[in-house]
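Take a look at the structure below.
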Amino acid sequence: MRRRDLADLLFSWIVLMSLSGTATAATCAGGPGWESREIAGEVRHPDPFLHEAGAQTFLLAPFEHGWRIGMLDRDGLDVPVFAAPRHPVETNPATLAGWHFRNRDNTAPNTGDVNAPQRERRFAFGTLAEDAANPGASPPGAEGLGGLGVLTIADFELTPPAAGERAGFRSLAFTVCLVWKGGGDRLAPIVDDDPSVAFDAAVATMKGCGLDTALFAVSDHMGKRGDFVQTAFLTPDMDGDAVPDLVVPVLRRDDNAPALAVCLAGTDTLLLAGFDGRIGRHLDPAYFGRADGWGVHEGPVGSSPEEGAPPQLTADAIRLSKEESSSVLLYLTPDLTFSSYWQGD
């Protein structure tokens, strides 16, 4: 999917939704694997407004008649922002000007004689903005980076009406919904201070990815094992698309056979590891039920004479272990087939 098509799709994802997908509460949210942030702010002219959101910062930069929407990276440098139509600049949706809300004579509210965007302003940032501004361009390695935003003006105060002049903002109250994926940070699709709430969200995400919970039970047993702290689910980037995926243990209900369910969040693809026999040369799927430690593998792969040369990983691998034994890595090959490698550790 091209990033422009993805941008069009994602704007439809910034909706009122709950974790279960039912519109019971007003929530700023994206699709699975997309981090989101809702910002509520007030600002008086000519002050700027800045708010950190993940690895980027949302900015309202003041100019004579109001503010322009901007984004900054972690170093405070400008990130591209695009809003259509791009021209004319003074009525671009990323430009918030007081005169957008007055008539041509600046004597009364704008009832349609000034062709300018009103309270809702949609925009793209990062490489989604670059793609929209330069159709056909595809910077190497940029796929999946960037995000989308919707700014909604809640209230405002304008300068007094004055015939022949252009109105400016005195103050602005607004909300912004930002959604983004991947990039320089690992942005987990599920973040919550309460582990039980986070696990419930993991289950809901897996169901949204296609897991049939009538056939498979999601298990939190990995979060309860061992004397060390570990989570009941993992968020590695299994397919190397810079988007954190979701991994949870599951049990097949009819025979309690253990497996791992993997949701590739960038494409909403569900994969099950463990129900198709041995994985790689030596990994028996029954080990998924015996392992008491797991995590996202870091560092080089430990070579093992029994396994041959270690794999050249192009994405994250899951490390599974049992106390006082070597660990095994579970990873995806480029064709999205599971493979394994027992480390010599």
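Side chains included, hydrogens not; waters and symmetry mates left out as well; all remaining heavy atoms used. Nothing here was measured: the structure is a model prediction, and the numbers come from that model.
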Whether N106 side chain and A162 backbone form a donor-acceptor pair below 3.5 Å
yes
Mind checking whether L211 and L215 sit in one hydrophobic cluster, side chains of I, L, V, M, F, W, Y counted as touching below 4.5 Å?
yes
Aromatic ring centroids of F216 and F275 under 6.0 Å?
yes
Nearest-0.5 Å distance that lies between atom CD in E38 and atom SG in C177
6.5 Å
Can you list the residues that meet the side chain to side chain donor-acceptor pair (under 3.5 Å) rule with R37, with sequence neighbours excluded?
none
I'd like a table of donor-acceptor pairs (distance under 3.5 Å, sequence neighbours excluded) in which one partner is a side-chain atom from residues 39-55, with atom names and distances.
unit_1 : atom_1 : unit_2 : atom_2 : d
H45    : NE2    : F63    : O      : 2.6
H45    : NE2    : G66    : O      : 3.3

Do L178 and M71 come close enough that some side-chain heavy atom pair is under 4.5 Å?
yes
Does E120 CD have over 12 foreign heavy atoms under 6.0 Å away?
yes
Has the side chain of Y341 got a donor or acceptor atom that lies under 3.5 Å from a matching backbone atom of G308?
yes
Say whether E306 and H282, considering side chains only, have a donor N or O and an acceptor N or O under 3.5 Å apart.
no
By side chain to side chain donor-acceptor pair (under 3.5 Å), N110 pairs with (sequence neighbours left out) none
With a sphere of 6.0 Å drawn around CG of D212, does it hold more than 12 non-hydrogen atoms of other residues, nucleotides or ligands?
yes
Do W342 and Y287 have their ring centres less than 6.0 Å from each other?
yes
In Å and rounded to the nearest 0.5 Å, what is the CD1 to CZ distance from I279 to F338?
7.0 Å
Who pairs with E64 by salt bridge (charged side-chain N to carboxylate O under 4.0 Å, His left out), at least two apart in sequence or on another chain?
none
Short side-chain to backbone donor-acceptor contact, R68 and P62, under 3.5 Å:
no
Out of curiosity, does W99 fall in the hydrophobic cluster containing L96 (side-chain heavy atoms, cut-off under 4.5 Å, transitive links)?
no
If only atom types and distance count, is the side chain of W67 paired as donor or acceptor with the main-chain N or O of A94 below 3.5 Å?
no
Just by distance, do the side chain of R119 and the backbone of A154 share a donor-acceptor pair under 3.5 Å?
yes
4.5 Å side-chain heavy-atom contact, L283 and F288:
yes
Checking Q343 against S327: is there a side-chain donor and acceptor pair closer than 3.5 Å?
yes
Under the side chain to side chain donor-acceptor pair (under 3.5 Å) test, which residues partner T57, sequence neighbours left out?
none
For R166, the salt bridge (charged side-chain N to carboxylate O under 4.0 Å, His left out) test, sequence neighbours excluded, returns E90
Pairing residues for Y331 by the ring pair (Phe, Tyr, Trp, His ring centres under 6.0 Å) criterion, not counting sequence neighbours
none
Please enumerate all residues that pass salt bridge (charged side-chain N to carboxylate O under 4.0 Å, His left out) together with D155, with sequence neighbours excluded.
none
Looking at CG of L72 and CD of Q56, how far apart are the two atoms once the value is rounded to the nearest 0.5 Å?
10.0 Å
With sequence neighbours left out, the residues meeting side chain to side chain contact (heavy atoms under 4.5 Å, CB included) with D335 are T333, T337
Distance-only, no hydrogens or angles: does the D237 side chain make a donor-acceptor pair with backbone N or O of P244 under 3.5 Å?
no
Would you say V247 and T235 make side-chain contact, with heavy atoms under 4.5 Å?
no
Okay, side chain of N103, backbone of P109: is any donor-acceptor separation there less than 3.5 Å?
no
Minimum-distance pair of heavy atoms, taken over all atoms of F101 and A97
CD1-O, 3.9 Å
Check: D75 side chain, L77 main-chain N or O, donor-acceptor pair, under 3.5 Å:
no
Has N92 got a side-chain atom pairing as donor or acceptor with A83's backbone, closer than 3.5 angstrom?
yes
For a quick test of reading the model, state the closest non-hydrogen atom pair linking V79 to D73 and the distance between them.
CG2-N, 3.5 Å
Report the distance from atom CZ of F169 to atom CG of L158, rounding to the nearest 0.5 Å.
6.0 Å
If we ignore hydrogens and angles and just use 3.5 Å, is the side chain of R121 paired with the main-chain N or O of P117 as donor and acceptor?
yes
Restricting to salt bridge (charged side-chain N to carboxylate O under 4.0 Å, His left out), what partner residues turn up for R253, sequence neighbours left out?
none
Show the numbers, then the answer: is there a side-chain contact (heavy atoms from CB on, under 4.5 Å) between T159 and R170?
CA-CA 6 Å; T159 55; R170 282 184 167 177; 4.1 Å; yes
Can you list everything that forms a ring pair (Phe, Tyr, Trp, His ring centres under 6.0 Å) with F58? Sequence neighbours excluded, please.
none
Suppose we screen for side chain to side chain donor-acceptor pair (under 3.5 Å). Which residues come up paired with T152, at least two apart in sequence or across chains?
none
Tell me the closest heavy-atom pair linking D113 and R104, and the distance in Å.
O-NH2, 2.7 Å
